[in-house]
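One-based numbering, in listed order, for ligands and for the atoms of each.
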Amino acid sequence: MSASDRISEVQDEAVAAIEAADDPEALERLRIQYLGRKAELPQLLRTIPQLEPAERAAIGAAGNAARGQIERALELKEADLAAGEIAADDAIDVSLPGAPSLPVGHVHLITQTRRDIEDVFLGLGFQVAEGPEVELVEYTFDALNTDVTHPSRARTDTFYIDDDTVLRVHTSPVQVRAMIAQPPPIYVIAPGRVYRPDNDATHTPQFHQVEGLAVDEGVTLADLKGTLLAFARAIFGPDRDVLLRPHFFPFTEPSVEVDVSCFNCDAGYMRDGSRCPLCKGSGWLEVLGAGMVDPNVFDYVREYGYDPDKVTGFAFGMGVERIAMLRHGVPDLRLYFDGDLRFLRQFGAR
Ligand code: PHE
């Protein structure tokens, strides 16, 4: 048999054996058998330099081609066996029962409450405005007629980023931003997070407010009271009344604190004659701060169309946590932020 015939015989035998191999160990044995140091084909290739020059080229080419074919067959088989292993691991047992569907969560009580509040004011013709939580001192205090000596500006009452920048302590700076962005008439609410360095059962360092601002010609305190009455009845029930008590805010004049008649009792007393635990027997629940926009605030945004001699307005600001606390009897504001599912899941049904 000629050398080239033997070469093709070895190649055919090797490739057939490799294709028939059914595990990696068998494949490795074949690699040694056909391409190892002592195997026939490599031995033969090593003798090529001693061949007659006329034979050298043909035998060399045939031998190298055969080695390439065998190497290629080994590679293909190796990939084949590896893929088979993965397929075996991933085999799906279609007779198993399907995975139970994962429970879908629900929006947080604070989000639900904020949306309820937004719905009331959107229904009254207000639009939603937003502003940054990292806010200028200028918009947080100066533009809102808050003197540099006002205690709320102290480093103990406000988180300062630097001398000119704070984490906003209320949503009121959005009043200023909204007026800069749009001339009167303006009817906006501004929901959002606010920050103060407090932490106890009734104060969390981060909480939520909804600001309100209405500016137009001829807006009066009666408009404020009517708007808040509609709000109180939508959120706390159709029989509610509102009470405006004199108060002070730097950016409103006059300023009021607004109470809503207690929905838990009759004028402070329960049916069995005991004192109402919610309103503590007063018959009223304090829900927000409000007032008529101070002319000094308009003066600050005068160039944007707010002439204090032409327009009047009212503003209000409420705490979303407090509204939800009153509505649902939440005893400690920290519960809102603890992430305890036993608390949160009580408010998932809506
Ligand atoms: N910004 C006030 C606060 O945080 C609430 C308020 C808003 C009062 C608008 C009057 C007018 O307490």
Side-chain angles (χ1 to χ4, degrees), residues 110 114 117-118 121 124 126 128-133 135-147 150-154 157-159 166-179 186-198 202-216 219-221 223-228 231-232 242-260 285-298 300-301 306 308 311-323 325-326 333:
I110 293 303
R114 191 204 74 218
I117 296 167
E118 287 172 359
F121 289 103
L124 292 171
F126 286 72
V128 176
E130 287 185 323
E133 292 167 30
E135 183 56 283
L136 296 173
V137 167
E138 189 185 351
Y139 291 166
T140 309
F141 298 120
D142 300 311
L144 291 166
N145 198 39
T146 307
D147 191 80
H150 195 278
S152 67
R153 297 179 68 141
D157 286 291
T158 297
F159 291 112
V166 295
L167 293 184
R168 65 181 180 188
V169 295
H170 52 185
T171 43
S172 300
V174 188
Q175 289 186 37
V176 181
R177 289 180 176 274
M179 287 191 283
I186 187 170
Y187 293 83
V188 290
I189 54 166
R193 290 190 190 89
V194 300
Y195 302 84
R196 294 180 194 178
D198 296 321
T202 54
H203 302 85
T204 48
Q206 180 237 96
F207 59 105
H208 300 77
Q209 289 189 333
V210 176
E211 192 80 9
L213 175 71
V215 184
D216 206 334
V219 172
T220 70
L221 192 72
D223 296 315
L224 171 62
K225 188 171 181 181
T227 301
L228 295 177
F231 158 76
V242 291
L243 175 70
L244 274 48
R245 288 180 288 103
H247 197 68
F248 174 81
F249 295 104
F251 34 91
T252 46
E253 181 60 34
S255 301
V256 292
E257 266 191 335
V258 182
D259 296 349
V260 172
L285 302 166
E286 186 191 320
V287 293
L288 57 94
M292 299 306 290
V293 178
D294 194 294
N296 290 341
V297 175
F298 287 141
Y300 188 89
V301 291
Y306 292 84
V311 292
T312 54
F314 64 74
F316 57 83
M318 66 183 83
V320 179
E321 281 77 3
R322 180 158 176 78
I323 303 289
M325 172 185 216
L326 292 170
L333 293 197

Minimum heavy-atom distance between [X] and [Y], given as atom pair plus value:
| X | Y | result |
| --- | --- | --- |
| Gly291 | Val256 | N-CG2, 4.2 Å |
| Met179 | Tyr306 | O-CE1, 3.2 Å |
| Val258 | Ala290 | CG2-CB, 4.2 Å |
| Val166 | Thr140 | CG2-OG1, 3.6 Å |

- request: Output the set of protein residues with a heavy-atom contact under 4.0 Å to ligand 1, ordered first by chain identifier and then by residue number.
  value: His170, Ser172, Gln175, Arg196, Gln209, Glu211, Phe249, Phe251, Thr252, Gly289, Ala290, Ala315, Phe316, Gly317
query: Can you tell which of Phe121, Phe249, Phe251, Phe231 makes a ring pair (Phe, Tyr, Trp, His ring centres under 6.0 Å) with Phe316?
result: Phe121
query: In this structure, are over 12 heavy atoms from other groups packed under 6.0 Å from Glu130 atom CD?
result: no
